[in-house]
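Beneath this line is the structure, given in structure tokens, with notes to follow.
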There are 2 protein chains.
Amino acid sequence: MNLKQLSQMLGLSQTTVSRALNGYPEVNRETRERVLKAVRETGYRPNKAAQRLATGKAGSIGLVMPTSPGNSSDVHFSEFLTGLGEEALRHDFHFVLTPADPNDEVGALKRLAASGNVDALFVNYMRGHDPRLEMLKTLSMPFLVHGRSIGSEPDYPFLDIDNEASFYDATKLLLQLGHRRFALLNGPIYLDFAIRRKNGVEAALAEWGLALNEACVSHTAMTDEQGLFEMERILQLEKRPTAVLCSSTVLALGAVRAINQAKLKLGEDISLIAHDDVLTLLKPESFTVPLTTTRSSLRAAGIRIAERLIGEIKHNETFPAQELWKTELIVRASTGVAPAD
Amino acid sequence: MNLKQLSQMLGLSQTTVSRALNGYPEVNRETRERVLKAVRETGYRPNKAAQRLATGKAGSIGLVMPTSPGNSSDVHFSEFLTGLGEEALRHDFHFVLTPADPNDEVGALKRLAASGNVDALFVNYMRGHDPRLEMLKTLSMPFLVHGRSIGSEPDYPFLDIDNEASFYDATKLLLQLGHRRFALLNGPIYLDFAIRRKNGVEAALAEWGLALNEACVSHTAMTDEQGLFEMERILQLEKRPTAVLCSSTVLALGAVRAINQAKLKLGEDISLIAHDDVLTLLKPESFTVPLTTTRSSLRAAGIRIAERLIGEIKHNETFPAQELWKTELIVRASTGVAPAD
DNA sequence: AGAAGTAGCCAAAGCGCTTTGAGGAATGGA
DNA sequence: TCCATTCCTCAAAGCGCTTTGGCTACTTCT
């Protein structure tokens with residue numbers, strides 16, 4: 001079933017049917033409803049290739065599949081992707097992906113752009129001074145960055161959360177509760193968000209004349225095993241910290257296990273704040289001791305990014321190029337006054 | 001730059017240029033070279049949408065993104081995808097993906113097929129009696145399954161390795177070396193390959209009048225942490241096993257660590273065979289004690305699958321619908337004669 | 001020399017959609 | 001009553017490619 005057949009069936013011209021379908025104003029209400037009804041009944045679906053040829057819009061967003069081991073699509077990436085997918089589905093968009101050799105992400109991106117299969121690009125897992133940025137800027141194709149790249153001129157469109165402020169605030173809260181010795185379970189240090197979060201912690205500490213003890217800092221993949229492992233290690237240190245910051249609730253899951261195993265009371269002997277990406281399967285409020293968190297939904301970020309990208313493609317809308325989302329500091333039971341020394 | 005311009009530039013018709021580019025025989029050698037040269041110089045790339053409209057072939061393979069936590073794209077999936085991608089790149093194909101709600105994989109697949117954006121579908125992480133199979137069969141679109149689905153009629157095209165034979169052989173080798181107590185570190189039990197591997201082990205044991213002790217079997221995600229954890233647990237059992245089978249070298253990595261920590265000698269006190277997917281970053285021969293393995297390259301499987309799918313799309317080639325690859329049993333130092341009791 | 005291929009090329013007809021430019025019918029105002 | 005508007009609809013021209021069917025010129029065979 002194609003447009004021609006459909007329009008013949010309805011006794012209308014292809015033009016009118018097309019307009020009715022695409023929401024143009026100059027179609028009689030009745031006519032439009034008649035068309036929509038017929039579409040429903042026949043199950044007509046416009047041919048994508050033809051639409052694409054006629055409009056020049058591919059209806060798809062390019063994605064380079066992260067295949068490197070460190071950030072190998074984990075639960076955080078899935079959550080984000082779900083958001084992207086949700087929004088994309090609404091607009092009948094889809095994603096085209098190229099799996100990239102970790103050493104040739106730039107090349108993969110370039111090929112994807114040149115393939116003519118996508119009309120926008122998206123990148124994430126930003127690193128400090130990320131080489132992909134330069135390339136993207138030379139392309140004449142809309143793109144959007146999730147995160148930022150510290151060390152690069154911030155003259156590109158991005159959506160990021162304010163990682164620094166987020167961890168600054170969390171640290172400050174703990175300082176006000178009397179904590180003086182801190183640990184930080186962070187993501188891989190080459191990633192932008194990890195750098196900024198560490199900066200946030202250090203900035204807050206500096207205001208109180210304190211500094212992070214590097215032995216109490218870890219940079220690992222964000223899995224619960226790593227959280228367990230690193231927390232165990234840190235708890236065995238001579239003067240163990242009384243406050244812990246985690247870059248993810250997944251890390252916190254392991255950390256809390258280590259804390260329990262050490263027979264320490266969360267929120268009393270030791271306080272913990274985790275960053276909460278609002279993962280579907282790990283809610284900070286359902287920990288035995290509900291976690292204090294800095295919250296920002298990864299899925300919402302996915303939705304917003306799809307929205308911006310699709311808007312740009314469809315209507316040449318220009319969104320505010322740079323968005324920095326504040327996180328929410330939500331105090332629950334895992335934080336308490338520092339124990340007497 | 002489009003075909004029209006290019007052909008005018010060359011003083012040829014669009015037909016001839018098109019034929020030259022697509023490898024048709026009725027073009028003079030000289031002419032073809034002239035065309036190819038011009039393409040190189042101008043950087044001409046045929047418009048995908050137009051090609052697609054004209055041929056009805058989209059040049060893309062549909063993929064439903066596994067977002068469920070258990071099989072959340074790990075290092076194995078990456079390796080496989082790299083193979084797929086490699087081959088796809090060669091043919092200028094790409095992948096279209098839909099992230100799926102784990103509870104609605106069937107629906108996601110259906111939508112992808114209906115979207116008109118792909119001309120073949122691919123599925124993996126097969127489970128026992130997988131519900132996706134029924135759906136795929138109703139679609140009039142080529143598809144290919146990586147793995148199989150135990151409990152379903154094997155009347156669908158697949159590429160799989162002979163997991164059962166593989167683990168049967170490995171077990172038999174260990175039996176012949178005198179081992180009588182076995183452990184199995186396996187992948188999630190709902191996955192087809194895990195079921196078959198366990199069956200293989202049990203079949204071999206049964207021939208010797210033995211059975212698997214369920215306490216010595218684990219079904220977990222295939223990470224080294226899980227390997228460590230489970231192996232530690234198993235080593236503490238009363239009559240600990242002298243032989244271990246691992247579903248992945250990643251699991252083996254953890255298991256070996258546990259073995260070392262228990263001060264046991266690999267290949268003497270305890271023997272271990274792992275399945276080797278030929279992962280780029282984890283080679284069984286570079287373990288301190290090189291591992292005996294059953295080998296089958298995941299990347300090669302990816303390449304073959306892309307090859308079959310693309311061949312089917314391009315030329316309506318029909319490949320042997322079902323391929324079952326034998327694995328290679330490679331004996332290294334991690335297996336030895338069973339220790340005296 | 002004439003018949004019968006064969007090699008190499010071309011014009012034109014789609015593929016299924018969007019969009020431009022135009023026109024008929026109904027409405028309202030003078 | 002006539003003209004200007006507004007509303008709705010249409011025919012036809014692309015979008016850039018592939019593919020069919022035909023044409024010319026050159027070989028080859030008898």
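Treat the numbers as computed from the prediction; the structure is a model and nothing was measured. Residue numbers begin at 1 in each chain, while the letters A, B, ... track the order of the sequences.
Side chain of B/Arg32 to main chain of B/Tyr24: a donor-acceptor pair is present (N/O by atom type, distance under 3.5 Å, no hydrogens or angles). Without hydrogens or angle criteria, A/Ser7 side chain to A/Val17 main chain gives no donor-acceptor distance under 3.5 Å. Side chain of B/Gln322 to backbone of B/Pro154: a donor-acceptor contact under 3.5 angstrom is found. A distance-only check finds no donor-acceptor pair linking the side chain of B/Ser60 to the backbone of B/Val96 [under 3.5 Å].
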Anything under 3.5 Å between a donor and an acceptor, one on a side chain of residues 136-147 of chain A, the other on a protein residue two or more places apart or in another chain? List them.
residue	atom	partner	partner atom	Å
A/Lys137	NZ	A/Asp155	OD1	2.9
A/Lys137	NZ	A/Asp155	OD2	3.4
A/Thr138	OG1	A/Met135	O	2.6

Mind listing the side-chain donor-acceptor pairs of residues 108-118 of chain B below 3.5 Å, one per line with the distance, residues two or more places apart or on another chain?
residue	atom	partner	partner atom	Å
B/Ser115	OG	B/Leu112	O	2.8
B/Ser115	OG	B/Asn117	N	3.1
B/Ser115	OG	B/Asn117	ND2	3.3
B/Asn117	OD1	B/Arg52	NH2	3.2
B/Asn117	ND2	A/His94	ND1	2.9

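In terms of the salt bridge (charged side-chain N to carboxylate O under 4.0 Å, His left out) criterion, residue partners of A/Asp130 (sequence neighbours excluded) are, by chain and number, A/Arg132. A/Arg90 is linked by a salt bridge (charged side-chain N to carboxylate O under 4.0 Å, His left out) to A/Glu86, A/Glu87, counting only residues two or more places apart in sequence or in another chain. A search for salt bridge (charged side-chain N to carboxylate O under 4.0 Å, His left out) contacts involving A/Glu30 returns nothing, not counting sequence neighbours. Remark: A/Thr55 pairs with A/Lys57 by the side chain to side chain contact (heavy atoms under 4.5 Å, CB included) rule, at least two apart or across chains. In this structure B/Val278 satisfies the side chain to side chain contact (heavy atoms under 4.5 Å, CB included) test together with B/Asp276, B/Arg295, B/Ser297, sequence neighbours excluded.
Classification of B/Asp92 and B/Lys48 as a salt-bridged pair holds, one side-chain N sitting under 4.0 Å from a carboxylate O.
Residues from residues 35-44 of chain A that place a heavy atom under 4.0 Å from any atom of DNA chain D: there are none. At a non-hydrogen distance threshold of 4.0 Å, A/Gly11, A/Leu12, A/Ser13, A/Thr15, A/Thr16, A/Arg19 from residues 8-22 of chain A come into contact with DNA chain D.
Sorted by first and then second residue, the ring pair (Phe, Tyr, Trp, His ring centres under 6.0 Å) pairs involving residues 102-122 of chain A (not counting sequence neighbours) are A/Phe80-A/Phe122.
Both B/Glu26 and B/Ala49 sit near DNA chain D, but only B/Ala49 has its closest nucleotide nearer the 5' end. Remark on DNA chain C: of its neighbouring residues B/Asn28 and B/Leu53, the 5'-side contact belongs to B/Asn28, judged by nearest-heavy-atom nucleotide.
Rotation axes derived from the C1' atoms of the five outermost pairs at either end of the helix from C/dA1-D/dT30 to C/dA30-D/dT1 lie 50° apart, to the nearest 10°.
For DNA chain C, the span of nucleotides reached by chain A at under 4.0 Å from its heavy atoms goes, 5' to 3', from C/dG16 to C/dG21.
As judged by a 4.0 angstrom heavy-atom cut-off over every strand, A/Gln51 is placed among residues touching the sugar-phosphate backbone only.
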